[in-house]
Amino acid sequence: MNKNKIPVVVLISGRGSNLQSIIEAMQHQQLDIDIKAVISNRPDATGLEKARAAGIPAITVDHQQFANRHDFDLALQKSIDRYHPELLVLAGFMRILGEDFVNHYLGRMLNIHPSLLPRYPGLNTHQRALDNKDRWHGASIHFVTSELDGGPVVLQVRLPVLEDDDQESLAERVLQQEHKLYCQAIQWFAEKRLILHQGQAYLDGNKITQPVIMDAKLDRNLTS
Ligand code: GRF
């Protein structure tokens, strides 16, 4: 672990359990990041309380206050750029971002999505996996590009769908894994091991042609 902590801004829309796990890993010195601010597009996002409890500035840019997506994106960008982040972490951020916004942060914006992309971009991923009787499900970390949930996937966790799973039980098991998964990808980025170059993701200088798979059974130690 190096001592240079990169400035990070986290975007949320809701409960912020991923945010909480990132905050805790940061507090335990497992991540070389400094979360400068947490920004929500919804004033009632409970994740804002989690940020405040950790002493992190918690800000709302309410999308409902703007006439159109472009104006919202510009206001959001302005709020973010005050903190000069090297990395923007989307953690349950539920607004579609416009092309200008995405290009502004290209290569320095990660998202977590609760499915094995490219399967199930968009919403209701757990129910769709159950409806299709998938044997495997999981979560993905990807660089954000202007294609919805379509940027290069860098890391995934896979877990088996159990016979008696319903949407809630599956979502809960995936969520537990998401927390470890996101911390791993963020730390790779902070260590400059994970980069996006000309639309292609690289880890340790190698093209990521297939996402790295984290085994749900392994509790990997971030510092190893
Ligand atoms: C997670 O399942 C994440 O994959 C998806 O939205 C959910 C956010 O949960 N993008 P939380 O707010 O981090 O608890």
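Each ligand, and each atom within it, is numbered from 1 in the order the structure gives.
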Visitor: Could you identify the single nearest non-hydrogen protein atom to atom 10 (N) of ligand 1 and state the distance to 0.1 Å?
Guide: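 The protein heavy atom lying closest is I112 O, 3.1 Å.
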Visitor: Can you check whether G14 has an N/O within less than 3.5 Å of an N/O in ligand 1?
Guide: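 In this structure, G14 places no N or O atom under 3.5 Å from an N or O of ligand 1.
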Visitor: From the options V153, L155, L194, select the one residue that forms a side-chain contact (heavy atoms from CB on, under 4.5 Å) with V212.
Guide: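 For V212, the side-chain contact (heavy atoms from CB on, under 4.5 Å) test succeeds with only one of V153, L155, L194, which is L155.
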Visitor: Out of curiosity, is A139 lining ligand 1, as in a heavy atom under 4.0 Å away?
Guide: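 So A139 does not count as touching ligand 1.
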Visitor: Check the pair H179 / S17 against side chain to side chain donor-acceptor pair (under 3.5 Å), numbers first and verdict last.
Guide: CA-CA 8 Å; H179 297 161; S17 72; 2.9 Å; yes
Visitor: Does the side chain of D62 reach to within under 4.5 Å of the side chain of R42, using non-hydrogen atoms?
Guide: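 Side chain of D62 against side chain of R42, heavy atoms only: no contact under 4.5 Å found.
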Visitor: Any chance the side chains of Y120 and N132 put a donor and an acceptor closer than 3.5 Å?
Guide: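 Result is yes, a qualifying pair exists.
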Visitor: Checking the N or O distance criterion of under 3.5 Å, is ligand 1 in contact with E178?
Guide: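 In this structure, E178 places an N or O atom under 3.5 Å from an N or O of ligand 1.
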Visitor: Compute the minimum heavy-atom distance from I12 to ligand 1 and say whether it is under 4.0 Å.
Guide: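 The answer is no: ligand 1 sits nowhere under 4.0 Å from a heavy atom of I12.
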Visitor: Given the side-chain rings of H126 and H137, with only the six-membered ring counted for Trp, is the space between their centroids under 6.0 Å?
Guide: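 Yes, the ring of H126 comes within the 6.0 Å limit of the ring of H137, centre to centre.
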Visitor: In terms of residue, atom name and distance, what is the protein heavy atom nearest to atom 8 (C) of ligand 1?
Guide: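 Nearest protein contact, heavy atoms only, for atom 8 (C) of ligand 1 is G92 CA, 3.6 Å.
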Visitor: Please check whether N111 reaches ligand 1 - meaning an N/O of the residue sits under 3.5 Å from an N/O of the ligand, judged on distance alone.
Guide: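 Not met; the criterion fails.
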Visitor: For atom 12 (O) of ligand 1, what's the nearest protein heavy atom and its distance?
Guide: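 Going atom by atom, the protein heavy atom closest to atom 12 (O) of ligand 1 ends up being G16 N, 2.9 Å.
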Visitor: Looking at atom 5 (C) of ligand 1, what's its closest protein heavy atom, distance included?
Guide: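 Result for atom 5 (C) of ligand 1: P114 CD, 3.9 Å.
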Visitor: For atom 9 (O) of ligand 1, what is the nearest protein heavy atom, given as residue, atom name and distance?
Guide: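 Among all protein heavy atoms, the one nearest atom 9 (O) of ligand 1 is R15 NH2, 3.1 Å.
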Visitor: Once ring-ring contact (aromatic ring centres under 6.0 Å, His included) is applied, do any residues pair with Y182, and if so which ones, sequence neighbours excluded?
Guide: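 Y182 satisfies ring-ring contact (aromatic ring centres under 6.0 Å, His included) with no other residue.
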Visitor: Side chains of Y105 and D81: any donor to acceptor distance under 3.5 Å?
Guide: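 Yes.
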